[in-house]
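Given the structure is predicted, the values throughout are model-derived calculations rather than measurements. Counting starts at 1 for both ligands and their atoms, in listed order.
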Amino acid sequence: METTLVLVKPDGVQRHLVGRILARFEEKGLQVVGLRMMCIPEATLRVHYAAHKGKPFYEGLIAYMSSGPVVAVAIRGPRAIGVVRTLMGKTFGHEAAPGTIRGDLGLSGSFNLVHGSDSPEAAKAELALYFKPEDLCEWRPLDLDAILDPRDAGDHK
Ligand code: IDP
Ligand code: MG
């Protein structure tokens, strides 16, 4: 099982899409194990987006992500990091495929509604930026045996 960080970005909150975006992950069968609304301090954003420092869009990205509250979500499931990225779609809403969150709900290249960690290393580091270990809930979904084949180890990676 993997746990990954999702952020519903400020445009997602302002456009009242928090419930719809979280539903996309829940209805896929992924599990919410942490949830928090917050205004991200600029210093935290500069750590989170350090890989983009120096790119032309970097300062705009920091301003966008500072512009209002976000909803931080810890999401767990087999191959959750890649599954979340697939559900999000390509970075720019105008390029993202229909059926994806960004493809269905947005048009912009920068205001793209949602963040998802892109590797196990990033997920670990990013989860630690927004959640203390004790803020994550260990719970077993009652329908887990209907979502994942209990006899198929590959289903539980
Ligand atoms: P990702 O969110 O799909 O992983 P990244 O390339 O990691 O995309 O970029 C991080 C964020 O920076 C994007 O989600 C988007 O908000 C913003 N961004 C990326 N590229 C551009 C750009 O060319 N112009 C404006 N904003 C951008
Ligand atoms: Mg990225």
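Note: L17 CG to D104 CG = 11.0 Å, rounded to the nearest 0.5 Å.
If you check which protein heavy atom lies closest to atom 11 (C) of ligand 1, you get L61 CD1, 3.9 Å. The shortest contact between atom 2 (O) of ligand 1 and any protein heavy atom is with R102 NH2, 3.1 Å.
The nearest non-hydrogen atom to atom 7 (O) of ligand 1, considering only H52, R85, K9, comes from H52. Within the set F57, Y58, Y49, the minimum heavy-atom distance to atom 24 (N) of ligand 1 is found for F57.
Between V114 and K9, the closest side-chain pair of non-hydrogen atoms is not below 4.5 Å. Side-chain contact between D11 and Y64 is present, with heavy atoms from C-beta onward closer than 4.5 Å. Side-chain atoms of V70 and Y130, non-hydrogen and from C-beta on, never get closer than 4.5 Å to each other.
A chain of hydrophobic side-chain contacts below 4.5 Å, direct or via other Ile, Leu, Val, Met, Phe, Trp or Tyr residues, connects L22 to V84.
With ligand atoms numbered from 1 in the order given, ligand 1 contributes 13 (C), 14 (O), 15 (C), 16 (O) to contacts under 4.0 Å with heavy atoms of N112. Those atoms of ligand 1 with a heavy atom of F92 less than 4.0 angstrom away are 20 (N), 21 (C), 22 (C), 23 (O). Heavy-atom contacts of S110 reach the following atoms of ligand 1: 15 (C), 16 (O), 25 (C), 26 (N) (cutoff under 4.0 Å).
Under 4.0 Å is where a charged nitrogen must lie from a carboxylate oxygen, and between D149 and R151 at least one such pair does. Remark: K53 does not engage E59 in a salt bridge, criterion side-chain N to carboxylate O under 4.0 Å.
The backbone and the side chain of T91 each have at least one atom closer than 4.0 Å to an atom of ligand 1 (non-hydrogen atoms only).
Contact between D118 and ligand 1 is absent, with no heavy atom of the residue lying under 4.0 Å from the ligand.
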